[in-house]
There are 2 protein chains.
Amino acid sequence: MKVNRRTQAERTAATRAALVAAGRTLFGNHGYAAVGTQSIVTEADVTRGALYHQFKDKQGLFAAVYDQVEQDITAEIATQVAEIGASDPLGALKAGSRVFLERATDPAVHQITLVDAPAVLGWSEWRARGEEFGFALIEGILQAAIAAGQIADQPVRPIAHVAIGALDESALYVAAAEDKAAATAEVLTVLDRIIDSFTI
Amino acid sequence: MKVNRRTQAERTAATRAALVAAGRTLFGNHGYAAVGTQSIVTEADVTRGALYHQFKDKQGLFAAVYDQVEQDITAEIATQVAEIGASDPLGALKAGSRVFLERATDPAVHQITLVDAPAVLGWSEWRARGEEFGFALIEGILQAAIAAGQIADQPVRPIAHVAIGALDESALYVAAAEDKAAATAEVLTVLDRIIDSFTI
DNA sequence: AGAACTTACGAACACTCTGTATGAAAGTTA
DNA sequence: TAACTTTCATACAGAGTGTTCGTAAGTTCT
């Protein structure tokens with residue numbers, strides 16, 4: 001009986017997971033351009049051969065890392081939003097903003113999702129992938145708010161974009177502030193006020 | 001008498017201008033990472049030696065390009081804003097937003113100032129340079145609005161950040177839309193509404 | 001179980017690109 | 001015009017990406 005016998009699917013999953021995890025910490029801490037593929041595979045305890053077998057290129061790995069980070073954050077926000085539920089969509093939006101700000105303050109998170117992603121993936125590709133995550137969430141909440149009669153019936157897409165822009169920049173602002181708590185309070189005041197302004 | 005005798009200051013100004021101009025078109029059209037220094041100096045009709053004499057490195061050239069683009073846009077917006085003047089600061093803010101959206105729709109402009117700049121310069125450096133341009137403009141307008149009694153006396157810095165974030169993302173949204181006129185109208189509706197929400 | 005086949009990986013190579021070093025040319029100062 | 005500084009051209013070294021090719025591990029078929 002061989003000890004280390006693993007199925008191909010298991011091997012693939014293991015190396016991909018190791019590479020994505022290594023990429024996440026390294027890209028997050030140093031930025032995409034400053035991290036060489038060699039350091040990634042060293043961290044992941046594999047070789048460059050494995051990387052280029054599992055991913056098309058360095059960008060391909062980065063895309064996988066980005067998806068994973070977005071997945072994590074979106075899931076966390078979604079559960080928070082779900083607790084408030086459909087009863088008060090705009091309240092849920094405020095709560096979701098708070099969670100987003102907390103998570104996106106993590107340097108690794110904002111370096112990957114907000115700073116590097118647009119440049120590495122290209123803006124349209126970045127946004128296309130974002131549709132799947134944060135965008136779907138916000139647009140859903142806005143639709144619910146319309147259904148609940150909290151805001152007027154109007155195109156949600158431009159609102160979602162403006163909201164995402166405001167949230168992203170807010171996260172970066174907080175992340176760069178010395179007194180993060182104070183900065184968080186400041187921008188949340190502004191964001192809440194804007195959200196309220198849409199109320200019928 | 002030598003025909004091409006130029007002073008050192010003239011030589012420096014000429015090659016720097018040529019390099020910045022070449023970088024502006026090439027970075028704008030293809031993105032920072034996709035443009036090699038060789039293609040830049042070829043376009044500028046100088047050699048790599050001149051580039052590395054005039055600028056510390058590729059990032060240094062990019063920073064100069066970024067500054068020039070910001071300078072141009074900010075100047076244009078400032079004149080628009082000045083026409084409306086201090087009589088109606090919030091009106092001026094709306095007008096400035098329109099000009100910004102028009103100019104930032106230019107692919108080269110948004111590629112440089114919104115997509116590449118944060119990743120290449122780093123977010124904090126990006127924002128530090130932005131202080132000088134768009135930020136100063138918006139904060140000035142907000143201060144004027146407070147002085148004119150249009151909005152409540154409050155910290156303008158977080159508002160400026162949220163506003164910049166909303167504007168930047170709006171510009172990218174418009175730039176990516178097929179029907180730019182319609183997209184512009186959509187986001188301006190949202191932006192105007194938000195601006196109005198701050199009115200006392 | 002063993003042979004034929006596919007998938008995953010390791011090591012070495014080729015190529016591109018950035019930044020530097022060194023020397024020449026142009027301009028400045030005395 | 002001679003000494004000096006600035007600007008630029010060329011050649012070189014080093015780092016890093018992506019590819020190629022061979023080997024090992026796993027799968028399928030009989």
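Just so it is clear: chains get the letters A, B, ... in the order the sequence lines come, proteins before strands, and each one is counted from 1. The structure presented is a predicted model; accordingly, all values stated were derived computationally and were not measured.
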Grab the [atom1]-[atom2] distance between [X] and [N] for me, whole Å please.
X	N	atom1	atom2	value
Arg11(B)	dA26(C)	CZ	P	8 Å
Lys58(B)	dT16(C)	NZ	P	16 Å
Phe55(A)	dT19(D)	CZ	P	16 Å
Arg16(B)	dC8(D)	CZ	C1'	14 Å
Gln59(B)	dC17(C)	CD	P	18 Å
Leu19(A)	dA8(C)	CG	P	13 Å

Any residue in residues 33-54 of chain B with a heavy atom nearer than 4.0 angstrom to DNA chain C? Just list them by number, or reply none. Val35(B), Gly36(B), Thr37(B), Arg48(B), Tyr52(B)
Step-by-step side chain to side chain contact (heavy atoms under 4.5 Å, CB included) determination, Phe133(A) to Ile73(A): CA-CA 9 Å; Phe133(A) 303 109; Ile73(A) 296 182; over 6 Å; no
Should the ring pair Tyr66(B) and Phe62(B) be called parallel, tilted or perpendicular, given that the plane angle runs from 0 to 90° and is split at 30 and 60? parallel
Looking only at heavy atoms, which two atoms of Pro118(A) and Val115(B) are closest? And how far apart? O-CG1, 3.5 Å
No-hydrogen, no-angle side-chain donor-acceptor test under 3.5 Å, Gln38(B) and Thr42(B): yes
Taking OP1 and OP2 of dT7(C), is either one under 4.0 Å from a side-chain nitrogen or oxygen of Thr12(A)? no
Just N and O in the side chain of Thr15(B): are any of them under 4.0 Å from OP1 or OP2 of dC8(D)? yes
Cationic N near anionic O, under 4.0 Å, Arg98(A) to Glu102(A): no
Taking the basic N atoms (NZ, or NE/NH1/NH2) and the acidic carboxylate oxygens, is any pair closer than 4.0 Å for Arg157(A) and Glu131(A)? yes
Check against side chain to side chain contact (heavy atoms under 4.5 Å, CB included), Phe27(B) and Gln111(B): CA-CA 8 Å; Phe27(B) 288 149; Gln111(B) 178 70 41; over 6 Å; no
Terminal helix-axis angle for the helix from dA1(C)-dT30(D) to dA30(C)-dT1(D), with five pairs defining each axis and rounding to 10 degrees: 20°
Backbone N or O of Tyr32(B) within a donor-acceptor pair of the Asp116(B) side chain at under 3.5 Å? yes
Establish, yes or no, whether the cationic atom of Arg16(A) lies under 6.0 Å from the six-membered ring centre of Phe55(A) and within 45° of the ring axis. yes
